[in-house]
Amino acid sequence: MRDGAFVKKIWLSSPTMHGEEQKWVDEAIRTNWVSTVGENINEVERLVSEKVGRKYAVALSSGTSALHLAIKLAGERLYGQPKVGHGTLEGKRVFCSDVTFDATVNPVAYEGGEAVYIDTEYETWNMDPVALERAFDLYPEVRLIVVAHLYGTPGKIDELRAIARAHHALIVEDAAESFGASYKGIQTGCFGDYGVLSFNGNKIITGSSGGILLCDEQEDANKARKWSTQSREDAAWYQHEELGYNYRMSNIIAGVVRGQMPYLEEHIAQKRAIYKRYQEGFRDLPVTMNPYEYENAEPNFWLSCMLIHPDAMCRQVRGEQKAIYISEAGKSCPTEILEKLADYNAEGRPIWKPMHMQPIYRVNAFITRSGNGRARSNAYIRETGFCDIGADIFARGLCLPSDNKMTEEEQDRIIRLICECFE
Ligand SMILES: *Cc1c(COP(=O)(O)O)cnc(C)c1O
């Protein structure tokens with residue numbers, strides 16, 4: 001660690017506890033509801049359903065398990081119940097967000113489906129409706145779309161929903177990063193046929209882990225509850241008619257979430273202030289921030305990110321594990337900035353690497369505005385420096401330290417460090 005480094009590490013986004021969490025955890029232990037049933041779970045489901053404005057909220061062990069059950073519910077509704085040992089999406093293509101955390105899309109593979117990645121747009125950094133429409137030209141049989149709201153900024157919801165409706169497709173909405181964000185006054189998590197939230201340790205509020213499945217049909221909520229508790233039938237003994245999972249939220253974890261719920265809006269206000277200070281601090285730099293001013297979207301500002309102007313990028317090359325760059329006066333790149341932040345004990349992160357660039361998904365189709373994103377000519381790539389919008393944002397962007405316990409002085413120093421990278 002270098003001289004002048006932050007004594008206390010500045011995190012990207014770490015848990016912020018308030019005290020009430022302890023009360024509900026203690027209450028669970030005192031009353032011996034140390035299990036996957038109990039009052040904290042019931043309260044979390046009630047509070048979340050009320051906050052989001054959705055009829056049913058099912059508390060699960062993680063956002064990933066909630067996504068799995070959401071995608072399985074959609075798969076069953078579309079294609080019927082598969083034989084045991086087979087997924088609901090076997091042999092089916094599913095349109096998926098490309099720039100997202102892999103938890104959004106892995107459950108498509110759990111269910112035997114094949115993700116087709118849809119390129120990103122610059123206005124919200126989410127799924128591009130133009131590319132989605134093109135994907136339906138190429139694969140008109142597709143009936144399921146899995147879409148995420150990156151870094152807490154709602155995507156182009158009206159456009160995406162209109163396309164889904166026109167093609168009779170269902171939407172699974174991954175609002176893991178956008179809890180509390182809204183679009184035209186309605187909370188994210190309400191726009192998909194199924195919605196998902198996460199209480200992972202780095203999210204806007206946390207339970208250490210945990211997730212929520214949101215839906216409007218009692219039958220779906222009941223099914224998810226049953227699947228999540230090993231698909232036990234209503235019998236005196238363990239009776240099973242279908243495949244089950246151990247996905248229910250723990251009542252201890254639910255105690256933490258319950259204690260965090262009253263602080264969601266406070267966290268959003270703190271994250272908004274952090275975003276605005278970065279925006280102001282970078283006003284003389286050749287950079288922009290992650291976008292949010294699309295229509296009447298109110299993001300939750302979970303992570304502040306920056307995007308370097310193409311002319312201000314020094315040379316940077318990324319392999320599968322490592323990155324190198326060549327320092328240049330007046331220019332910088334995400335690798336240089338991230339190294340500098342790490343030197344000073346502050347945590348930034350590259351933009352989530354697009355799914356179509358991940359080795360695990362290298363054979364999956366990838367659709368851009370102009371067609372098949374994998375069929376770009378080398379000349380095009382040489383000329384533009386990138387082959388698609390997701391790859392471009394990944395190359396030029398980075399996530400900034402966005403912890404709500406960061407002081408203004410600490411943030412000012414981070415801003416100064418970044419400004420120095422462009423000197
Ligand atoms: C965190 C996250 C998830 C997964 O949630 P877990 O609770 O960690 O399983 C899913 N999708 C996105 C976009 C996320 O950021």
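Ligands are counted one by one from 1 in listed order, and the atoms in each one are counted from 1 as well. On a predicted model such as this, the values are computed, not experimentally measured, just so you know.
Arg318 forms a cation-pi arrangement with Phe394, by the criterion of a distance under 6.0 Å to the ring centre and an angle within 45° of the ring axis. With a 6.0 Å cutoff to the six-membered ring centre and a 45° limit on the axis angle, Arg413 counts as a cation-pi contact of Phe6.
Under a 3.5 Å cut-off, the side chain of His149 and the backbone N or O of Gly155 do form a donor-acceptor pair. At least one donor-acceptor pair under 3.5 Å links the side chain of Glu45 to the backbone N or O of Ala59.
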Are there any N/O pairs under 3.5 Å between ligand 1 and the protein, and if so, what are their distances?
unit_1   : atom_1 : unit_2 : atom_2 : d
ligand 1 : 5 (O)  : Ser198 : OG     : 3.2
ligand 1 : 7 (O)  : Gly63  : N      : 2.7
ligand 1 : 7 (O)  : Ser198 : OG     : 2.7
ligand 1 : 8 (O)  : Asn200 : ND2    : 2.9
ligand 1 : 9 (O)  : Gly63  : N      : 3.3
ligand 1 : 9 (O)  : Thr64  : N      : 2.8
ligand 1 : 9 (O)  : Thr64  : OG1    : 2.5
ligand 1 : 11 (N) : Asp174 : OD1    : 3.4
ligand 1 : 11 (N) : Asp174 : OD2    : 2.6
ligand 1 : 15 (O) : Glu177 : OE2    : 2.5
ligand 1 : 15 (O) : Lys203 : NZ     : 3.3

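The structure places CD1 of Ile418 at 5.5 Å from CD1 of Ile337, a figure rounded to the nearest 0.5 Å.
Taking the centre of each ring, His68 and Tyr247 come in below the 6.0 Å mark.
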